[in-house]
There are 2 protein chains.
Amino acid sequence: MVSTISAARERVQAAAERLFAERGYKAVTLRDIAQELGIRQASLYYHFPGGKEELYVTVTERGLQAHREGLEQAIAGAGESLEAGLRAVLQWFASHPPVDLARMLLADFPAISEEHRKRLTELALDCLVRPIENFLQGARKRGEGGAVDTRFAALAILSAAEAIHANARLTGKEPSELVETALPVLLKGLAGS
Amino acid sequence: MVSTISAARERVQAAAERLFAERGYKAVTLRDIAQELGIRQASLYYHFPGGKEELYVTVTERGLQAHREGLEQAIAGAGESLEAGLRAVLQWFASHPPVDLARMLLADFPAISEEHRKRLTELALDCLVRPIENFLQGARKRGEGGAVDTRFAALAILSAAEAIHANARLTGKEPSELVETALPVLLKGLAGS
DNA sequence: ACTTCTACTGAACGGCCAGTCACACTATAC
DNA sequence: GTATAGTGTGACTGGCCGTTCAGTAGAAGT
């Protein structure tokens, strides 16, 4: 089976994706997911015979790949400048639920089987870090951006995206507003221009 | 009782602090903590009659306050410049286990009682964000630093510290080395000088 | 000598969890 | 009208969880 396009299965995935992203693997029970959908927990096994882990792996994979595609399109559609690309990346993350990469790597992935863990770990780097790193390297080739470590810079941008969400929760502002607050800090640094 | 200075209790706290910080509240069981100490799980209730939650709240509180003191001393001992203070802050975080603030706020705290949750939430901001914010405001008054939003900048620095740990895990380098990689990015931004 | 305190144990409790399975209810297809 | 496939249910199991509690062994106090 390549991919069943059942509407019911799709609904299960959507609910699971939201809950897992919010609370993490261990803190979400199958009963939580079922309740959200108005069905019994046993029914989830019809759509995902592999149980909780299969469900988690499926939606996490899908979510990560959606981030890769979204990031690549956002960057591609943003024009040439470092600032425009960076704004597009931050706007992408600001308009989606926060991705807690540290929690994934430290808490969620260790709770699943090793083969799944390894695949998801690689995928996470591939989908979240690499698109940003590629963008930064491209910008440097075009003469923009200093001689910073692009790997660290990519992780810093990811972290800044999480800082935007944290700040939004603390202040009640919209994440997308805060992108314009974050941009000058990332571009020109704390020392200002 | 103000504070029992039992060595055994201290050992329990140390083990619990390490495990909770690594994996989060839900993912750590009392049996994990007891095993680490070579004792039975029931024995933990001798030192912490309040059970898992009391243990978690106690060590989290202690850990947060240690961060506040460490940060304030690091900043105070670093000299006047923005760069020196920032280096001290990053070095402090680099030489301690990573603090996953997002996981705390989103996954750990919602699992404990509301009164504890509220107190720990305030404490987390007070111990992690505020010292950095105060430092940035002081630097600005002395004429250093641009007109950036200090609340966001403080969260960005915290996030950068987590990015340092993430990078260390990915590359195998020591976190304290990576501080010098992170500093120019934070000070001068991605655009370079 | 006895009591008291500290540190810990073993066994059990109820509760929630993931997972299993036989069964029921639709619809549409033949 | 009957077969068939998609979707969901109720009742259950075994296991791990946090928690409780009576009990113990040794050290310290009196």
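Every chain is numbered from 1, with letters handed out A, B, ... down the list of sequences. Quick note: numbers below take in every heavy atom, side chains included, and nothing from hydrogens, waters or symmetry partners.
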Discussion item. For a quick test of reading the model: is some side-chain N or O of B/R31 closer than 4.0 Å to OP1 or OP2 of D/dC16?
Written reply: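 No, outside the criterion.
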
Worksheet entry | Any B/S6 side-chain nitrogen or oxygen under 4.0 Å from OP1 or OP2 of C/dA7 | yes

Gap between atoms [atom1] and [atom2], on [X] and [N] respectively (whole Å):
X      : N      : atom1 : atom2 : value
B/R9   : C/dC8  : CZ    : C1'   : 16 Å
A/E53  : C/dG19 : CD    : C1'   : 13 Å
B/I112 : D/dG18 : CD1   : P     : 15 Å
A/K26  : C/dA18 : NZ    : P     : 10 Å
B/K52  : C/dC16 : NZ    : P     : 15 Å
B/Q35  : D/dG18 : CD    : P     : 13 Å
B/E54  : D/dG18 : CD    : P     : 15 Å
B/E10  : C/dA7  : CD    : C1'   : 16 Å

Item to complete: Scan residues 36-51 of chain A against DNA chain D and write down, sorted by residue number, each residue with any heavy atom closer than 4.0 Å; if none is found, say none.
Response: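 Output list: A/I39, A/R40, A/A42, A/S43, A/Y46, A/H47.
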
Discussion item. For B/H67 and B/F93, I'd like to know if the aromatic rings sit close, meaning centre-to-centre distance below 6.0 Å.
Written reply: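 Yes, the ring of B/H67 comes within the 6.0 Å limit of the ring of B/F93, centre to centre.
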
Worksheet item: Looking only at atom types and distance, does a side-chain atom of A/S43 sit under 3.5 Å from a main-chain N or O of A/I39, one as donor and one as acceptor?
Response: no

Worksheet item: Does B/K52 count as lying over the ring of B/Y25, i.e. NZ or CZ under 6.0 Å from the six-ring centre, within 45 degrees of the axis?
Response: yes

Worksheet item: Quick one: are B/I132 and B/L155 in side-chain contact, heavy atoms under 4.5 Å?
Response: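 No - every pair of side-chain heavy atoms lies 4.5 Å or more apart.
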
Discussion item. Mind checking if A/V12 touches a base, just sugar-phosphate, or nothing, with heavy atoms under 4.0 Å?
Written reply: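 A/V12: no heavy atom of the nucleic acid under 4.0 Å.
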
Worksheet item: Is it the case that more than 12 heavy atoms not belonging to A/R68 sit under 6.0 Å from its CZ atom?
Response: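 Enclosed: over 12 neighbouring heavy atoms sit under 6.0 Å from CZ of A/R68.
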
Discussion item. Is it the case that atom CD in B/E53 sees more than 12 heavy atoms from other parts of the structure closer than 6.0 Å?
Written reply: yes

Worksheet item: Going by distance alone, is a donor N or O of one side chain under 3.5 Å from an acceptor N or O of the other, for B/Q137 and B/T150?
Response: yes

